[in-house]
There are 2 protein chains.
Amino acid sequence: MPNETYPAHYQGIFAVFNSIYPLSEEIKVAIIKNSEVVGVKRKTILLNAGDHSNTIYFIVNGGARVYYLDKEGKETNTWFLFENELLISVYGFFTGQPSFEYIETLEDSTLIAVKRDKLDEMYLQFMEFNYSGRKLTEYYYIRNEEQTNNLRMLSAKQRYDQLMLHNPKLFNRVSLGHIASYLGISQETLSRIRKQK
Amino acid sequence: MPNETYPAHYQGIFAVFNSIYPLSEEIKVAIIKNSEVVGVKRKTILLNAGDHSNTIYFIVNGGARVYYLDKEGKETNTWFLFENELLISVYGFFTGQPSFEYIETLEDSTLIAVKRDKLDEMYLQFMEFNYSGRKLTEYYYIRNEEQTNNLRMLSAKQRYDQLMLHNPKLFNRVSLGHIASYLGISQETLSRIRKQK
DNA sequence: CCCAACTTTTGACAAAAGTCAAAAAATCAT
DNA sequence: ATGATTTTTTGACTTTTGTCAAAAGTTGGG
């Protein structure tokens, strides 16, 4: 059955899952039935700290950031995510505990939203869906670990260079202030690092 | 069938998996068939940088560290793992790429070793096994993310305090030099932080 | 028990990064 | 376009953390 029989917005998410483990028609139908396509404006808060994170988003287009507030109330960004990526607050979504993180769109975005209870149903109904879920979790885990290792071992300048090398496009879509906290440095230091190049 | 019919060393690993998703007798038998119980001395290298990481270990007793060498050749520890925990080099094991990390036992240890191809076979043969695999990956992911956030946002002293609060027993089993690099600080700074308390 | 090896602490100094305040530049809505 | 916001840069200064070298303390094997 050709893919065109499914709504166009689902092309991306099906492709991502399908590249890991073949998605049966049943699962595709279930995904469509258990999800909702939503369009949101830039700067929309998708998750507030304190709330329960019960939705996972697949970004069809647009982008978002995950951040939290440090003791002085300053925002610290932990992730930036864009088209064809999954968007959650990892801690809140995985543990079911109230979130300490916020999720906010960076741009006008189209998202596929799946509620956690629906996702859990699908994981229990289609055991092979856990195969893809596991692989995707592994993939994001590795991305997180890279970040950990960079923070542990590299200087501010080296972390900046790494990001420039591996994700230069980020600088076109995210303000330097946001990038600074992601790199674990002050905005002023980031500015100075960029200047001395 | 009572658990005592299985080798005593497998109690812990079965309990860990069983608490996530019921382990069928078939999977238990497969795990035993596809694994090996190994006893190793303290300071045994289980994985060398450059090698392919093709074994996952469950620690029956003992402990190990995962570390790598920075540009100056200094060791940086990324994980400490002990009894009833899974032991891998995340990047190497998940990606299949040659490892940049080393794994070394910290104490004489008993381990259950499963080769990656055997694990993959089990994941394909028993789809519900992916459910447990996914949940375990999520669990270790969260632990890693905590570490990332601490490194991004907390001062050396605050990171030390966090570790003391959440994992004080670590200090009984791991030298301060090893803990320093795990916290992303120099040994001297760690020593000074501890003194000023 | 004692020596050798390893681990931890200390001191003096240097380098990295943060803070605060203000100016400059860029962006956005009207 | 233009004034108002937001973002980025700059300067002066402070704090944090690192580095190097040496001393002190600890541990384990013979």
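Letters go in sequence order (proteins before strands), and every chain restarts at 1.
Looking at residues two or more places apart in sequence or on another chain, you find no side chain to side chain donor-acceptor pair (under 3.5 Å) involving A:Asn18. Remark: B:Glu85 engages B:Arg143 in a salt bridge (Lys or Arg N to Asp or Glu O under 4.0 Å) (not counting sequence neighbours). Remark: A:Phe82 engages no residue in a ring pair (Phe, Tyr, Trp, His ring centres under 6.0 Å) (not counting sequence neighbours). Residues passing the ring pair (Phe, Tyr, Trp, His ring centres under 6.0 Å) test with B:Phe100, sequence neighbours excluded: B:Tyr68, B:Tyr91. A:Tyr141 pairs by the ring pair (Phe, Tyr, Trp, His ring centres under 6.0 Å) definition with B:Phe94, B:Tyr141, not counting sequence neighbours.
Side-chain polar atoms of A:Arg159 and A:Asn150 form no donor-acceptor pair below 3.5 angstrom.
Once rounded to the nearest 0.5 Å, the distance linking OG1 of A:Thr105 with CG of A:Leu81 reads 12.5 Å. Put simply, CD on B:Gln187 and CZ on B:Arg192 are 11.0 Å apart, with the number rounded to the nearest 0.5 Å. Taking CG of A:Leu87 as the start and CZ of A:Phe58 as the end, the distance is 11.0 Å to the nearest 0.5 Å. For the atom pair CG of A:Asn84 and CD1 of A:Ile13, the computed distance is 9.5 Å after rounding to the nearest 0.5 Å. We find the CG-NE2 distance between A:Leu183 and A:His178 to be 13.0 Å, quoted to the nearest 0.5 Å.
A:Tyr131 and A:Tyr21 have tilted rings, their planes meeting at an angle from 30° to 60° on a 0 to 90° scale. Using the six-membered ring where Trp is involved, B:Phe14 and B:Tyr6 have ring planes that are perpendicular, over 60° apart on the 30 and 60° scheme.
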Which donor-acceptor pairs under 3.5 Å do the side chains of residues 116-126 of chain A make with protein atoms, sequence neighbours left out?
{"from": "A:Arg116", "atom 1": "NH1", "to": "A:Phe93", "atom 2": "O", "distance (Å)": "2.5"}
{"from": "A:Arg116", "atom 1": "NH2", "to": "A:Ser53", "atom 2": "O", "distance (Å)": "3.4"}

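The stretch residues 182-189 of chain A touches DNA chain C through A:Gly184, A:Ile185, A:Ser186, A:Glu188, A:Thr189, each having a heavy atom within less than 4.0 Å of the strand. Against DNA chain D, the stretch residues 100-110 of chain B makes no heavy-atom approach under 4.0 Å. The stretch residues 167-178 of chain B comes close to DNA chain C through B:Ser175, B:Leu176, B:Gly177, each having a heavy atom under 4.0 Å from the strand.
Where DNA chain C meets chain B (any atom under 4.0 Å from a heavy atom), the bounding nucleotides read 5' to 3' are C:dT8 to C:dA12.
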For DNA chain D, the expected dot-bracket line (Watson-Crick or G-U under 3.5 Å, [ ] crossing, | inter-strand) is ||||||||||||||||||||||||||||||
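The hydrophobic cluster around B:Leu151 extends to A:Leu151, counting ILVMFWY residues whose side-chain heavy atoms fall within less than 4.5 Å of a member.
Distance, A:Gln196 CD to D:dG11 P: 14 Å, rounded to whole Å. Atom-to-atom, CG of B:Leu190 to P of D:dT16 comes out at 17 Å; the value is rounded to the nearest Å. Here D:dT16 presents its C1' atom at 14 Å from CG of B:Leu154, a figure rounded to the nearest Å. Atom CZ of A:Arg192 is separated from atom C1' of D:dA12 by 9 Å (rounded to the nearest Å).
Side-chain atoms of B:Arg42 and base atoms of D:dT27 include no donor and acceptor less than 3.5 Å apart.
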